[in-house]
Amino acid sequence: MPDKKQNILIVGAGLCGSLLALRLAQRGFNVSVYEKRPDLRKVDISAGRSINLAFSDRGIKAMSLVGIQDKVEPLCIPMNGRMLHDTKGDSYLSNYSGREHEYINSISRGGLNALLLDEAENYDNVDIHFNKKCQSIDFEKTTATFYDYKTKTEFVEDADVIIGTDGAGSVLRKSYYLEKKFLFSFSQDYLTHGYKELSILPTENGDFKTYKNALHIWPRGEFMLIALPNLDGSFTVTLFLSFDEGAYNFNNLITPQLVTEFFQKEFPDALELMPNLVEDFLENPTSPLGTVKCSPWHYKGNTLLMGDAAHAIVPFYGQGMNASFEDVVEFDQVLDACEDDWETVFKTYEKIRKKDTDAIADLAIDNFHEMKDHVANPIFQEKRKLEMALEENFPEAYSSKYSLVTFNEHIGYQEAMLRGRAQDKAILNMLADHELDLNGDLKTVLEKVKKETEAILEDDRIAGLK
Ligand SMILES: Cc1cc2nc3c(=O)[nH]c(=O)nc-3n(C[C@H](O)[C@H](O)[C@H](O)COP(=O)(O)OP(=O)(O)OC[C@H]3O[C@@H](n4cnc5c(N)ncnc54)[C@H](O)[C@@H]3O)c2cc1C
């Protein structure tokens, strides 16, 4: 393992950067973190991106690694399933798993980030600097130039290693492709849809206006609305909608009348809970959604990208933060195993990790279509019902794709994707061909699904997909 006396500079004190700082401090390194925004524990900077997030087993595993799972638990609201709201105003709960102990949580981004910063700052070998924006990184010299918003001056910091956890718009990543000093591959794919955050406020007594322990979804084919609960009794609501396609889109929803008309037509039951809709809608920003893939993530043993900076994904699997936390767990394991220098550590880490972050990026796109459309489709609902029964009756033998991705932190995203997709294909094909007797013996159904899944996986192996 590299020498512990070394100075590690982390750019970005978001979710990944603050967890990484904490873990590296626990390992004994000297850690300096530079964050462009003010300290979120002192200033309210919640306006921006996703106020709350779905937090699940891969993220929880990372909290266990740094020993703070008991402090994270009070920040969590369990969500046992998706509460689906149809156009008639009816709703029904579709559990995430047939195993009772498997659920996801709603957690406040600010609350979790503040906890991670507090925990990191408990270590003498960590310094966190706010209001300091990284302008550029010289990855040959391992130096970073910052602008201090308070003193309005620029300064340069030197380090043994620089790790960029500066999110989807990473300055380190930008320096890799702008400098053109090595073969750096990069792709950025935007969805035609963007998102806007809205809210359902608590009742006058501070209670939740609708069922608390679910992720609410109003799937409408080409667009959707979702809502996640907050500890104060409110829900953060997110509208995912095309920028310029369809009768209603972000570009044409510009007047209070049109916004109200759209919600009256498409989400009347949600509108009833949102008297503040028009104000939220016209005041809150509309933001794009994209996937970033790149490689290599590192330059020699000098610099490394981690979290969204290396692999930003669309939010539809609720895994971006969980994956960024899992990055820290995997990196930690590589540090345990590697006797060598930083270059070997970075290379080994990327080799192990990239296939999995590529997989969750693709799965997140799949889930975009599943959430806005397929969840309301009868054959999909039949499949969900069957999978729920299989998980309930054969908890050791069957896990749906969702469970493999979300609740099976001991396997990588790539393995979850390959097995999960094969299972989906097997079940949907057999349901469409009426080959599964859903009223018959469930064990026979399980065996058929397993056999067909193995056959598909074998075909994939032969085709070189695995
Ligand atoms: C709408 C939406 C919903 C989401 N929902 C979920 C969910 O339910 N579950 C889930 O797991 N994930 C979710 N995600 C993804 C999740 O937000 C990200 O994956 C996660 O925040 C990544 O953490 P990060 O630390 O890598 O990046 P970030 O959280 O973006 O943090 C980067 C930090 O770097 C700082 N920074 C940036 N540039 C500079 C600079 N030049 N100098 C210094 N500091 C800088 C930023 O201010 C920030 O603090 C969602 C994302 C969106 C957009």
Side-chain angles (χ1 to χ4, degrees), residues 54-61 76-86 90-106 211-217 219 226 228-229 316-319 322 360 363-364 366-367 370-371 374-413 415-432 434-454 456-457:
F55 174 65
S56 51
D57 293 27
R58 293 175 197 271
I60 294 170
K61 182 177 175 186
C76 293
I77 301 178
M79 298 185 290
N80 297 307
R82 296 163 166 167
M83 183 68 82
L84 297 168
H85 299 261
D86 67 17
D90 293 329
S91 56
Y92 64 96
L93 185 67
S94 164
N95 276 354
Y96 280 120
S97 165
R99 287 170 285 264
E100 248 177 45
H101 63 277
E102 289 182 343
Y103 53 85
I104 61 173
N105 302 279
S106 176
Y211 183 65
K212 170 185 169 188
N213 294 111
L215 192 156
H216 293 260
I217 310 183
I226 67 166
L228 276 75
F316 303 104
Y317 233 108
Q319 286 294 322
N322 291 290
I360 191 59
L363 282 164
D366 289 357
N367 231 33
E370 185 169 318
M371 284 175 80
H374 304 173
V375 283
N377 175 326
I379 195 156
F380 177 88
Q381 287 172 0
E382 210 176 352
K383 172 172 131 341
R384 245 351 253 163
K385 220 164 114 193
L386 169 63
E387 290 192 292
M388 216 46 67
L390 292 176
E391 288 188 336
E392 212 173 308
N393 288 281
F394 310 103
E396 304 296 323
Y398 191 80
S399 285
S400 69
K401 182 174 79 183
Y402 188 86
S403 290
L404 290 168
V405 171
T406 310
F407 307 120
N408 283 264
E409 68 282 8
H410 55 278
I411 64 168
Y413 286 123
E415 191 183 334
M417 177 181 78
L418 292 171
R419 172 155 294 278
R421 281 184 175 170
Q423 274 175 187
D424 282 356
K425 198 166 161 186
I427 296 179
L428 287 170
N429 282 346
M430 288 194 289
L431 282 176
H434 306 287
E435 284 174 23
L436 294 176
D437 177 6
L438 300 180
N439 300 315
D441 176 32
L442 203 55
K443 182 105 192 110
T444 312
V445 173
L446 174 69
E447 272 155 19
K448 270 189 160 177
V449 169
K450 290 211 143 208
K451 195 168 160 213
E452 187 60 20
T453 301
E454 282 314 317
I456 292 169
L457 283 170

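Model, not experiment: these values are computed from the prediction. Heavy atoms only: backbone and side chains are in, while hydrogens, waters and symmetry mates are out.
- Lys61 NZ: more than 12 foreign heavy atoms inside a 6.0 Å radius.
- With values rounded to the nearest 0.5 angstrom, Glu452 atom CD is found 10.5 Å from Leu457 atom CG.
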Before giving the answer on side-chain hydrogen bond (donor to acceptor under 3.5 Å, both in side chains), spell out for Ser399 and Arg99 the whole-Å C-alpha distance, their side-chain angles and the decisive distance to 0.1 Å. CA-CA 9 Å; Ser399 285; Arg99 287 170 285 264; 2.9 Å; yes
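- The residues Lys450 and Glu454 are annotated as not salt-bridged, no charged nitrogen and carboxylate oxygen being separated by less than 4.0 angstrom.
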Give the C-alpha distance, both sets of side-chain angles, the deciding distance and a yes or no for side-chain contact (heavy atoms from CB on, under 4.5 Å) between Ile104 and Phe407. CA-CA 9 Å; Ile104 61 173; Phe407 307 120; 3.9 Å; yes
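- Ring centers of Tyr402 and Tyr317: under 6.0 Å apart, within the cut-off.
- In plain terms, the two heavy atoms of Asn213 and Pro78 that are nearest each other are ND2-O, 2.7 Å.
- No side-chain donor-acceptor contact under 3.5 Å links Asn408 to the backbone of His410.
- Minimum interatomic distance between Val405 and Arg58 (heavy atoms only, all atoms of both residues): O-NE, 2.8 Å.
- For the atom pair NZ of Lys448 and NZ of Lys443, the computed distance is 15.0 Å after rounding to the nearest 0.5 Å.
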Apply side-chain contact (heavy atoms from CB on, under 4.5 Å) to Leu442 and Leu386, showing your working. CA-CA 9 Å; Leu442 203 55; Leu386 169 63; 4.1 Å; yes
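- For the residue pair Tyr398 / Glu387, a side-chain donor-acceptor distance below 3.5 Å is found, with atom types taken as modelled.
- Looking only at side-chain heavy atoms (C-beta outward), Asn322 and Thr406 stay at 4.5 Å or farther from each other.
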Run the side-chain contact (heavy atoms from CB on, under 4.5 Å) check on Met417 and Asp366 step by step: do they pass? CA-CA 10 Å; Met417 177 181 78; Asp366 289 357; 5.8 Å; no
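- Side-chain contact annotation: Gln319 with Ser56, donor-acceptor N/O pair under 3.5 Å present.
- Of all the heavy atoms in Ala54 and Leu228, the pair that sits closest is N-CD2, 3.9 Å.
- Interatomic distance, CG of Leu436 versus NZ of Lys383, reported as 12.5 Å (0.5 Å rounding).
- The two residues Phe316 and Asn367 make their nearest non-hydrogen contact at O-ND2, 2.8 Å.
- With hydrogens and angles disregarded, a donor-acceptor distance shorter than 3.5 Å links the side chain of Asn393 to the backbone of Ala389.
- Atoms CD and OG, on Glu392 and Ser97 in that order, are 9.0 Å from each other to the nearest 0.5 Å.
- In terms of modelled atom types and a separation under 3.5 Å, the side chain of His216 and the main chain of Pro229 share no donor-acceptor contact.
- Taking each heavy atom of Tyr103 and Asp57 in turn, the nearest pair found is O-OD1, 4.3 Å.
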Derivation of the side-chain contact (heavy atoms from CB on, under 4.5 Å) call for Ile456 and Arg421: CA-CA 9 Å; Ile456 292 169; Arg421 281 184 175 170; over 6 Å; no
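- The OG atom of Ser400 lies 4.5 Å from the CZ atom of Arg384; values are rounded to the nearest 0.5 Å.
- Of all the heavy atoms in Met430 and Val449, the pair that sits closest is CE-CA, 3.7 Å.
- Looking only at side-chain heavy atoms (C-beta outward), Ile379 and Leu428 come within less than 4.5 Å of each other.
- We find the CG-CE distance between Asn105 and Met79 to be 7.0 Å, quoted to the nearest 0.5 Å.
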